[in-house]
Trainee: 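First the structure, then my questions, so here it is.
Residue numbers start from 1 in every chain, and the chains themselves are labelled A, B, ... in the order their sequence lines are given, proteins ahead of strands.
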Number of protein chains: 2
Amino acid sequence: MAILPANKQLRLAVQVFETVKEEIVSGALPPNAQLSEAELSDRLGVSRTPVREALIKLSEDGLVRIIPQVGTFVAPISIDSVNEAQFIREHLECALIVDAVRRMDKATLRLLQDNLEQQERAVRYDDWDKFYELDEALHTLLAKASGHLQTWRIVQQSKVHMDRVRHVSFRMPDHMAKLTGQHKAIVDAVAQGDEVKAREALRCHLREIITTVEKLGLSETGQDLPPSRRRSARS
Amino acid sequence: MAILPANKQLRLAVQVFETVKEEIVSGALPPNAQLSEAELSDRLGVSRTPVREALIKLSEDGLVRIIPQVGTFVAPISIDSVNEAQFIREHLECALIVDAVRRMDKATLRLLQDNLEQQERAVRYDDWDKFYELDEALHTLLAKASGHLQTWRIVQQSKVHMDRVRHVSFRMPDHMAKLTGQHKAIVDAVAQGDEVKAREALRCHLREIITTVEKLGLSETGQDLPPSRRRSARS
DNA sequence: AATGGTATACTACCATGGCAGCGTGTCAAC
DNA sequence: GTTGACACGCTGCCATGGTAGTATACCATT
């Protein structure tokens, strides 16, 4: 059962990590679902060693909780994790964009504006997945322009908890249009070369997630583990 | 050969990670030294599996470089890594201290001032190791007071590259006294409840590492791997 | 002497086996 | 009905064996 895409360049453990991470963030694997080395290695067609390494990394990122001799479970979406991720992201990414503005060149500025146009198209077609992808690409473009690649890696690492929320929030009415407007404000400020304006526009944009969490009424449900073992409820 | 401290509560892989990390940061393992799974598992008295997991985590933190089928080498102290770590730390820790001031209570304030007194004593005795330990404790106290534990974990993770430099810099004349003065300025501002003053004092303190790097004339030597394999040069 | 081909030693990577620890179900004793 | 003891099954953890891939050393060829 080789569900994993054939890729000899990357270690199996990394491929497993990416796959399971995607399944958790997208919601395919619900909170508190049980993941065992044996089950995953069987499902993905690899041995238990790379699976184990992937699970350890997932636990370091806070996406799963490993309890020795008991089991491994998908971590619930805790408000604390989201708030903390927001804190980290806001302070780092707002610092990034300042340097990005200073080092901005015409080529990447053009890419940013192209991205915006595609976003507006995705909004018109209600294409959630495409919008998600473009959203990611926009922020990554700014990060790369700043030159702080390692910092961006940290942000991405912390960001996963927010991404779990975002995957739900995009279904909210008019949400994508609102975000696109914020993106536009950011890129406009960047185009003007106004560092402070860009930073504050980004800050405002990033704080959107807080109000989103409140709107969704995300509670701390499922914070503790289930009393009885339950298997993954995948379709 | 069980060099590892007996600790059944922690996974072996974590213990190996902590041990090797300490050896790299302290300089016991010099840049470009070769670390192989077999050699380490032999030296530490554990099997290759936990060693391998530790090396993977070390590579994720940027302390070693793993080249598949070739070898694992201690990463050189690159200026880029230090600068990037400084960037991350400054922006996160300066944000932390603001919340720390707001939530400060008398008990921790007392601990901070106690710590300062011990620092002055360590300076008088030229006790580098003790000072290093107190320095760590001071920053950790502030971080815990802020309540942002996850953020502090990120800072600690990024900080290791600076720590490699710090282990050398403490030997510089009057360096510890200078740092103690900066620590005092920070704690004074915290005691006064002045968030902005505390943040700027901390920022000034953190930027000390940059001038230190310049003073040491740290170059990018050893950036590329040696042409011929060389074994670890441990004593 | 310079070069090309090959054997070999060593590496990180993955697969698999064994094990201690924990949860749970069963059943006897009260 | 309640409680306690015990055995079983499952889990993650660690040890070990096998393998593909790389760099080096060696030697034949030119």
Side-chain angles (χ1 to χ4, degrees), chain A residues 1-4 6-20 32-60 63-75 224-232, chain B residues 1-4 6-20 32-60 63-75 224-232:
Chain A
M1 287 204 189
I3 312 253
L4 257 47
N7 186 348
K8 302 250 303 179
Q9 301 307 314
L10 232 55
R11 282 173 32 223
L12 278 181
V14 176
Q15 298 182 46
V16 172
F17 170 79
E18 298 287 353
T19 302
V20 179
N32 292 325
Q34 181 167 13
L35 304 170
S36 76
E37 294 179 358
E39 175 214 332
L40 275 175
S41 67
D42 186 45
R43 179 157 72 86
L44 299 178
V46 297
S47 88
R48 302 197 318 270
T49 303
V51 169
R52 173 175 154 72
E53 290 169 2
L55 290 178
I56 289 174
K57 185 153 168 49
L58 284 170
S59 78
E60 287 166 355
L63 286 178
V64 307
R65 170 116 183 264
I66 298 177
I67 306 177
Q69 329 305 345
V70 176
T72 302
F73 307 89
V74 175
D224 45 0
L225 287 173
S228 170
R229 296 188 189 181
R230 55 183 65 161
R231 291 272 152 201
S232 158
Chain B
M1 288 206 184
I3 313 250
L4 257 46
N7 186 347
K8 301 249 306 178
Q9 301 307 315
L10 231 56
R11 280 170 36 218
L12 278 180
V14 176
Q15 298 182 46
V16 173
F17 170 79
E18 299 287 353
T19 302
V20 178
N32 291 326
Q34 180 166 14
L35 304 170
S36 74
E37 294 179 0
E39 175 213 332
L40 275 175
S41 67
D42 185 47
R43 179 157 72 88
L44 299 178
V46 296
S47 87
R48 301 193 324 266
T49 303
V51 170
R52 173 176 155 74
E53 291 170 4
L55 289 179
I56 289 176
K57 186 154 166 47
L58 284 170
S59 78
E60 287 166 355
L63 286 177
V64 307
R65 168 118 183 264
I66 299 176
I67 306 178
Q69 328 303 348
V70 176
T72 302
F73 307 88
V74 175
D224 45 1
L225 287 172
S228 172
R229 296 188 190 183
R230 55 184 65 162
R231 292 273 151 199
S232 157

Trainee: Whole angstroms only, please: what is the CD-C1' distance between B/Gln34 and C/dA12?
Mentor: 11 Å
Trainee: Over all heavy atoms of both residues, which pair between B/Gly71 and B/Gln34 is shortest? Give the atoms and the distance, please.
Mentor: CA-NE2, 4.1 Å
Trainee: Which residues pass the side-chain hydrogen bond (donor to acceptor under 3.5 Å, both in side chains) test with B/Arg52, sequence neighbours left out?
Mentor: A/Glu53
Trainee: Rounded to whole Å, please give me the gap between CZ in A/Phe73 and C1' in D/dC10.
Mentor: 11 Å
Trainee: How close or far is atom C1' of D/dG21 from atom CD1 of B/Ile67, stated in whole angstroms?
Mentor: 13 Å
Trainee: Using the side-chain heavy atoms of B/Ile66, tell me which of these nucleotides is nearest: C/dA12, C/dC14, D/dA15.
Mentor: C/dA12
Trainee: Using nucleotides 18-21 of chain C, report all nitrogen or oxygen pairs with the protein that are shorter than 3.5 Å.
Mentor:
{"unit_1": "C/dG18", "atom_1": "O6", "unit_2": "A/Arg48", "atom_2": "NH2", "d": "3.3"}

Trainee: Mind calculating the distance between CZ (B/Arg52) and P (D/dT16) to the nearest angstrom?
Mentor: 17 Å
Trainee: Tell me whether the OP1 or OP2 atom of D/dG12 has a side-chain N or O from A/Thr72 closer than 4.0 Å.
Mentor: yes
Trainee: Below 4.5 Å, heavy atoms only, C-beta onward: do A/Val16 and A/Leu40 meet side chain to side chain?
Mentor: no
Trainee: For a quick test of reading the model, state the closest non-hydrogen atom pair linking A/Gln15 to A/Leu10 and the distance between them.
Mentor: NE2-O, 3.0 Å
Trainee: Starting at CG of A/Leu12 and ending at P of C/dA12, how long is that distance when rounded to a whole Å?
Mentor: 17 Å
Trainee: Would a 4.5 Å heavy-atom cut-off, applied to side chains only, mark B/Lys57 and A/Ile56 as touching?
Mentor: no
Trainee: Write down the atom of A/Ser41, the atom of A/Arg48, and the distance for their closest heavy-atom approach.
Mentor: OG-CG, 3.7 Å
Trainee: Compare every heavy atom of A/Asn32 with every heavy atom of A/Phe73, then report the nearest pair and how far apart it is.
Mentor: CD2-O, 3.9 Å
Trainee: Just how far, in rounded Å, is P of D/dC14 from CD of B/Gln9?
Mentor: 13 Å
Trainee: Between B/Ala38 and A/Pro50, which residue's closest nucleotide on DNA chain C lies nearer the 5′ terminus?
Mentor: B/Ala38
Trainee: Would you mind telling me which residue lines up with the more 5' stretch of DNA chain C, B/Glu37 or B/Thr49, judged by nearest nucleotide?
Mentor: B/Glu37
Trainee: Whole angstroms only, please: what is the CD-P distance between A/Glu53 and D/dG12?
Mentor: 15 Å
Trainee: How do B/Ser47 and A/Gly71 order along DNA chain D: which one's closest nucleotide is nearer the 5' end?
Mentor: A/Gly71
Trainee: How close do B/Ala13 and B/Ala54 get, counting heavy atoms only, and between which atoms?
Mentor: O-CB, 3.5 Å
Trainee: Considering non-hydrogen atoms only, spot the tightest contact between A/Phe17 and A/Leu58 and give its length.
Mentor: CE1-CD2, 3.4 Å
Trainee: To the nearest 10 degrees, what angle separates the axes at the start and end of the helix from C/dA1-D/dT30 to C/dC30-D/dG1, five pairs each?
Mentor: 10°
Trainee: CG of B/Leu40 versus C1' of D/dA15: gap in Å, rounded?
Mentor: 16 Å
